[in-house]
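The structure presented is a predicted model; accordingly, all values stated were derived computationally and were not measured.
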Amino acid sequence: MRDMAKEVYEKMKVGSAAWIRPVAAKGDTLPAFQAAHDSAKQLAEGGLITIGKVTRQGEWIDAIQIRRLA
């Protein structure tokens with residue numbers, strides 16, 4: 001499984017914001033996307049990003065807004 005949060009983080013510039021969303025064309029599903037939230041939380045705990053907003057579709061997380069700090 002690919003680490004979507006890390007992929008987005010590596011493409012960002014310091015100070016920029018981005019949304020992480022599952023991409024159906026790459027085989028992402030909402031159940032599998034839940035791991036991206038865990039990965040984003042680890043990046044936030046490491047002081048690399050802040051998590052701005054998390055949106056849900058029912059019980060599933062469907063988008064995460066992050067801002068790169070370092």
I'd like to check Ile61 versus Thr55 (side-chain heavy atoms, cut-off strictly below 4.5 Å). Are they in contact? no
In short, Ile49 meets Ala40 closest at the heavy-atom pair CD1-O, 3.5 Å
Can you tell if the side chain of Phe33 reaches within under 4.5 Å of the side chain of Ile64, non-hydrogen atoms only? yes
Could you tell me whether the side chain of Gln65 and the main chain of Val54 form a donor-acceptor pair under 3.5 Å? no
Determine the minimum heavy-atom distance between Ser39 and Ala5, stating which atoms define it. OG-CB, 3.6 Å
Which pair of non-hydrogen atoms, one from Ala18 and one from Val8, has the smallest distance, and what is that distance? CB-CG1, 3.9 Å
Arg21 and Met4: which non-hydrogen atoms are nearest, and at how many Å? O-SD, 4.4 Å
Closest approach of Trp19 and Ala63, non-hydrogen atoms and distance? CE3-CB, 3.7 Å
Find out whether Ile20 and Ile66 are in side-chain contact, i.e. whether some heavy atom of one side chain is under 4.5 Å from a heavy atom of the other. yes
Contact between Leu48 and Leu69 at the side-chain level, heavy atoms closer than 4.5 Å - yes or no? no
Side-chain heavy atoms under 4.5 angstrom apart, residues restricted to Ile, Leu, Val, Met, Phe, Trp, Tyr: same cluster for Leu43 and Ile51? yes
Sidechain-backbone polar pair: Arg67 side chain, Gly15 backbone, donor-acceptor under 3.5 Å: yes
Can you tell me how far OH of Tyr9 sits from CG of Asp3, rounded to the nearest 0.5 angstrom? 12.0 Å
Any donor-acceptor N/O pair, Arg56 side chain to Gly58 backbone, under 3.5 Å: no
Donor-acceptor under 3.5 Å (Asp28 side chain, Pro22 main chain): no
Under a 3.5 Å distance rule, please check whether Arg68 uses its side chain to pair with a backbone N or O of Met12 as donor and acceptor. yes
Checking side-chain contact (heavy atoms from CB on, under 4.5 Å) against Asp38, which of Gln42, Lys41, Gln34 comes through? Lys41
